[in-house]
A.B. asks: 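Okay, here's the structure, questions in a sec.
Every heavy atom of this structure was used, including side-chain atoms; hydrogens, water molecules and symmetry mates were not.
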Amino acid sequence: MKSLQPTQNILNTKFSSISPKVFFALTILCFLTTGCVLIKLQSEVDRSLESTVIIGHVDIEPIGYGRLIVAACSMNEELEIAHYTVLHEPGEYELIVEKREYYVFAFWDKNSNLVYEAGEPGGHYGDPTLVSAPSVGVVHNIDIAITGEGRTLDIPPGATMSSVIPPKLRSRQAGAITNLDDERFAHEYGVKGYWEPGSFFEELGGNIYFLEEYDPEKIPVLYVHGATGTPGDWKYFIENLDRTRFQPWFFHYPTGARIDSMSYLLLWKLTNLQVKYHFSTIYFTAHSMGGLVARSFIVNYGWQFPYVKLFISLATPWGGDRMAEYGVQRSPAVIPSWIDMQPESDFIKSLYRKKIPEQTEFYMFYGHKGSRSLLSTDNNDGTISLSSLLDFRPQAEAKMNYAFNEDHISILTSKEVVAQYNAILNEFDENHNDQVNRPRGYLKTHYVYSYDFDGIRPRPTLILRPAKERNGETITFLSEIENDSVLGPFPVGEYLASIVSMAGKPTKKYVPVSIEKGTMHNLDFVILPDGVIGGCVTNSREPEDTAVGMPEYRYRSVDSKIKIDSVTLKGDGIERTLQQIEGEDTRNSDYLILRDDICYNRCFVFFGLPAGSYELTVNAQGYKPNVKHYTVEPGVPDYFRATELTAD
């Protein structure tokens with residue numbers, strides 16, 4: 001019986017000089033005649049629909065040697081490690097697991113041998129608490145705090161995380177430092193990420209890599225590769241980048257996964273880096289499908305991550321790809337990202353339901369050195385049709401659109417392309433520096449919780465708004481480690497400052513702040529516990545839309561046909577009812593600051609709830625009433641849920 005890897009190797013060797021589009025078609029034809037390969041491919045796809053990503057943070061004082069290991073295990077007759085990951089310091093983690101209940105634990109692996117040994121500091125999620133992983137999406141806030149020398153884990157000393165011990169434990173945490181010759185960036189891993197996204201994620205994770213230590217004096221430039229790509233594809237760009245002004249970062253991800261899930265993974269990684277480094281500016285550069293990942297990130301999360309000031313795309317199929325549609329229709333096993341790449345897919349349409357935010361300047365690059373063939377009668381760049389590369393929707397938002405006599409791949413190694421790219425980068429940076437050099441001041445933010453909390457406290461967010469303008473707010477994610485740290489610089493002026501958290505509320509909603517040139521203003525907040533229930537409603541989901549890593553926002557209906565009549569919450573002595581607000585210009589952060597119950601854009605939130613059990617009923621026109629039960633503990637975060645409505 002044949003395996004998938006030999007087939008890939010044959011294709012890579014014999015057809016390395018042909019275009020990706022022909023490669024794609026030949027691969028499908030090959031698959032149609034190799035049943036065992038299809039079985040493995042279908043198994044990989046099924047896995048993506050039956051798995052969940054568990055995410056959270058680990059807090060521990062760094063020891064200075066070894067690695068931090070986070071793992072999910074099930075305990076039946078014997079210990080079974082479902083997945084583990086490696087961190088180079090305390091912070092965020094991700095685990096991919098199948099539908100089941102797990103204990104999630106962490107320990108400082110002093111010997112870097114993937115073996116838990118007596119005396120190594122460790123801790124569990126909860127006391128410990130079983131984590132239920134449904135076969136969909138993401139499980140959030142599985143945080144672990146390890147104090148002092150830690151505590152004894154409920155796993156036996158000598159437990160091994162894996163039967164295969166790599167020669168070096170490589171961190172899968174954002175900010176891990178490496179080089180572009182890293183074996184993880186080999187072409188074979190790019191291919192694996194496309195055809196075996198689940199296996200890729202289990203082995204390497206999805207991550208943002210650095211080439212050097214973070215430098216606050218340099219602007220980060222994030223590079224996002226395309227399908228079957230790796231960070232190594234950007235080598236020519238980096239060799240010609242002004243490294244005295246810019247620091248390159250690389251998003252390495254499995255390109256066969258659903259694109260929305262990778263956009264959400266990018267948010268998770270960048271948010272954790274912003275919490276750590278408090279950078280106020282980042283530039284995006286993306287190739288091919290990477291441009292779709294980047295735009296999805298910008299239009300869906302720009303309001304909570306307003307640091308993306310420049311976005312340059314190269315050879316991006318803005319209108320999708322007919323070959324992906326062909327694969328969905330004809331191939332017995334469908335790679336998840338093909339679903340999104342279809343020209344009329346919901347994902348492609350979702351990219352243009354919102355415009356790129358005003359704070360982000362956008363440029364398009366494309367090549368026209370293509371050809372006509374039996375596989376494509378349209379003008380193209382050798383892979384993507386010009387009609388997709390030049391889709392009118394992104395063109396209308398781009399400041400400039402540059403054409404080059406390059407194909408889909410050579411655009412990454414073109415002297416002319418890189419020269420134009422650097423001209424934009426340098427000019428934009430100079431203009432940005434002029435703005436940065438305007439009079440500015442600083443803030444020192446201190447916050448305390450008025451209640452005890454067993455575990456990692458909710459992470460608050462600082463929102464700074466101009467006092468006399470509606471737009472222009474600055475959002476800074478905070479962490480307990482950086483409490484009392486100096487933030488900024490911020491332009492001089494009059495502001496209103498707020499600190500928000502889903503599970504906690506400040507004693508004052510707004511604090512007036514006057515920022516003056518070269519001075520530092522102190523902000524003090526006291527956070528009170530708040531009981532919150534929130535969620536969104538959606539139509540019934542197709543099985544493929546429940547893929548691993550898909551974010552909750554993906555399930556929010558954007559179909560205006562869903563009309564919520566009422567959302568009613570009942571508990572001990574409490575009954576509240578919300579009606580859907582229509583046509584209001586509501587900023588996403590408003591409801592968190594004001595703490596007023598709201599139902600807007602098919603989402604709802606109830607604030608100020610005492611501890612206890614609640615019944616929530618959603619009534620929508622044309623759908624059966626949906627009833628759910630919640631348990632509230634004020635001050636303890638609970639993530640939004642997707643409420644799936646059933647047609648009446």
Side-chain angles (χ1 to χ4, degrees), residues 216-220 245 270-271 273-283 298 301-311 355-362 399 427-448 459-479 482-501 504-527 584-596:
E217 300 301 318
K218 300 177 183 178
I219 298 293
R245 300 166 65 183
L270 280 177
T271 298
L273 287 173
Q274 206 283 328
V275 168
K276 182 176 181 180
Y277 297 121
H278 295 308
F279 57 86
S280 59
T281 299
I282 186 171
Y283 302 160
I298 292 169
Y301 307 116
W303 69 272
Q304 59 181 303
F305 201 93
Y307 314 107
V308 184
K309 306 300 184 184
L310 177 65
F311 173 29
K355 292 186 178 295
I356 290 178
E358 292 182 2
Q359 74 262 10
T360 303
E361 197 163 290
F362 173 46
K399 185 171 183 179
E427 181 180 0
F428 186 88
D429 186 57
E430 289 170 3
N431 293 336
H432 176 263
N433 284 337
D434 290 342
Q435 295 178 359
V436 170
N437 291 331
R438 293 173 183 172
R440 294 186 168 233
Y442 297 83
L443 295 176
K444 185 175 183 180
T445 303
H446 174 75
Y447 59 92
V448 296
R459 285 170 162 76
T461 299
L462 177 69
I463 298 177
L464 193 65
R465 290 180 170 176
K468 297 181 180 180
E469 299 177 22
R470 179 162 177 77
N471 298 316
E473 69 182 17
T474 300
I475 297 175
T476 304
F477 303 103
L478 304 175
S479 71
E482 294 170 316
N483 201 351
D484 285 319
S485 62
V486 176
L487 306 176
F490 302 103
V492 299
E494 301 299 319
Y495 295 89
L496 296 175
S498 305
I499 194 167
V500 299
S501 166
K505 59 182 179 181
T507 53
K508 294 182 179 180
K509 295 178 180 178
Y510 295 103
V511 176
V513 178
S514 180
I515 296 180
E516 299 175 355
K517 180 180 177 180
T519 63
M520 184 173 65
H521 189 101
N522 291 305
L523 287 174
D524 292 286
F525 294 97
V526 176
I527 300 177
E584 294 288 332
D585 183 16
T586 301
R587 286 184 292 191
N588 291 279
S589 55
D590 282 342
Y591 67 87
L592 280 173
I593 296 173
L594 300 175
R595 317 302 286 192
D596 290 334

A.B. asks: To check you understand the geometry: which heavy-atom pair defines the closest contact between Pro357 and Gly302, and what is its length?
C.D. replies: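 Reported closest heavy-atom pair: CG-CA, 4.3 Å.
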
A.B. asks: Below 4.5 Å, heavy atoms only, C-beta onward: do Lys309 and Gln359 meet side chain to side chain?
C.D. replies: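 Lys309 vs Gln359: side chains touch.
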
A.B. asks: Mind listing the closest non-hydrogen atom pair of Tyr283 and Thr281 along with its distance?
C.D. replies: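 That would be CE2-CG2, 3.5 Å.
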
A.B. asks: Out of curiosity, Phe525 CZ to Lys505 NZ, how far, rounded to the nearest 0.5 Å?
C.D. replies: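 Here the interatomic distance stands at 15.5 Å.
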
A.B. asks: Does the Glu516 side chain pair with the main chain of Gly441, one donor and one acceptor, at a distance under 3.5 Å?
C.D. replies: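 Absent.
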
A.B. asks: A side-chain contact here means heavy atoms from C-beta on lying under 4.5 Å apart; do Thr476 and His278 qualify?
C.D. replies: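 Side chain of Thr476 against side chain of His278, heavy atoms only: contact under 4.5 Å found.
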
A.B. asks: Taking the side chain as every heavy atom from C-beta outward, state whether Leu478 and Leu487 have any pair of such atoms under 4.5 Å apart.
C.D. replies: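 A side-chain contact under 4.5 Å exists here.
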
A.B. asks: Look up atom CE in Met520 and atom NZ in Lys444, then write down how far apart they are to the nearest 0.5 Å.
C.D. replies: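 Spacing of CE (Met520) from NZ (Lys444) equals 5.5 Å.
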
A.B. asks: Between Lys509 (side chain) and Leu594 (backbone), is there a donor-acceptor pair under 3.5 Å?
C.D. replies: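 Yes, because the side chain of Lys509 sits within donor-acceptor range (under 3.5 Å) of the backbone of Leu594.
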
A.B. asks: Return yes if some donor-acceptor pair links the side-chain N/O of Thr360 with the main-chain N/O of Val308 below 3.5 Å, else return no.
C.D. replies: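 Answer holds: yes.
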
A.B. asks: Quick one: closest heavy-atom pair of Pro512 and Leu496, and the distance?
C.D. replies: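 Smallest interatomic distance, heavy atoms only, reads CA-CD2, 4.1 Å.
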
A.B. asks: Please round to the nearest 0.5 Å and tell me the distance separating atom OH of Tyr510 and atom CZ of Arg465.
C.D. replies: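 Spacing of OH (Tyr510) from CZ (Arg465) equals 5.0 Å.
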
A.B. asks: Is a donor on one side and an acceptor on the other found under 3.5 Å between the side chain of Ser498 and the backbone of Ile593?
C.D. replies: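 No.
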
A.B. asks: Between Ala497 and Leu462, what is the shortest heavy-atom contact and its length?
C.D. replies: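 Scanning both residues completely, I find the closest heavy atoms to be CB-CD1, 4.5 Å.
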
A.B. asks: Can you find a heavy atom in the side chain of Leu592 that is under 4.5 Å from one in the side chain of Thr461?
C.D. replies: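 No, side chains not in contact.
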
A.B. asks: Is there a side chain to side chain contact (heavy atoms under 4.5 Å, CB included) between Gln274 and Phe279 once you walk through the steps?
C.D. replies: CA-CA 6 Å; Gln274 206 283 328; Phe279 57 86; 3.8 Å; yes

A.B. asks: Find out whether Ile282 and Phe305 are in side-chain contact, i.e. whether some heavy atom of one side chain is under 4.5 Å from a heavy atom of the other.
C.D. replies: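 Yes; the side chains approach each other to less than 4.5 Å.
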
A.B. asks: Does a side-chain heavy-atom distance below 4.5 Å link Ile499 with Ile463?
C.D. replies: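 No; the side chains remain at least 4.5 Å from each other.
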
A.B. asks: Hey, what do you get for CG (Leu443) to CG (Leu464), rounding to the nearest 0.5 Å?
C.D. replies: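 Between Leu443 CG and Leu464 CG, I get 6.0 Å after rounding to 0.5 Å.
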
A.B. asks: Return yes when atom NZ of Lys355 has more than 12 non-hydrogen atoms of other residues, nucleotides or ligands closer than 6.0 Å, and no otherwise.
C.D. replies: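 Result for NZ/Lys355: open.
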
A.B. asks: Give the intermediate values and the outcome of side chain to side chain contact (heavy atoms under 4.5 Å, CB included) for residues Phe362 and Leu310.
C.D. replies: CA-CA 6 Å; Phe362 173 46; Leu310 177 65; over 6 Å; no

A.B. asks: Is the shortest side-chain heavy-atom distance between Asp429 and Ile219 below 4.5 Å?
C.D. replies: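 In short, these two side chains touch, coming nearer than 4.5 Å.
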
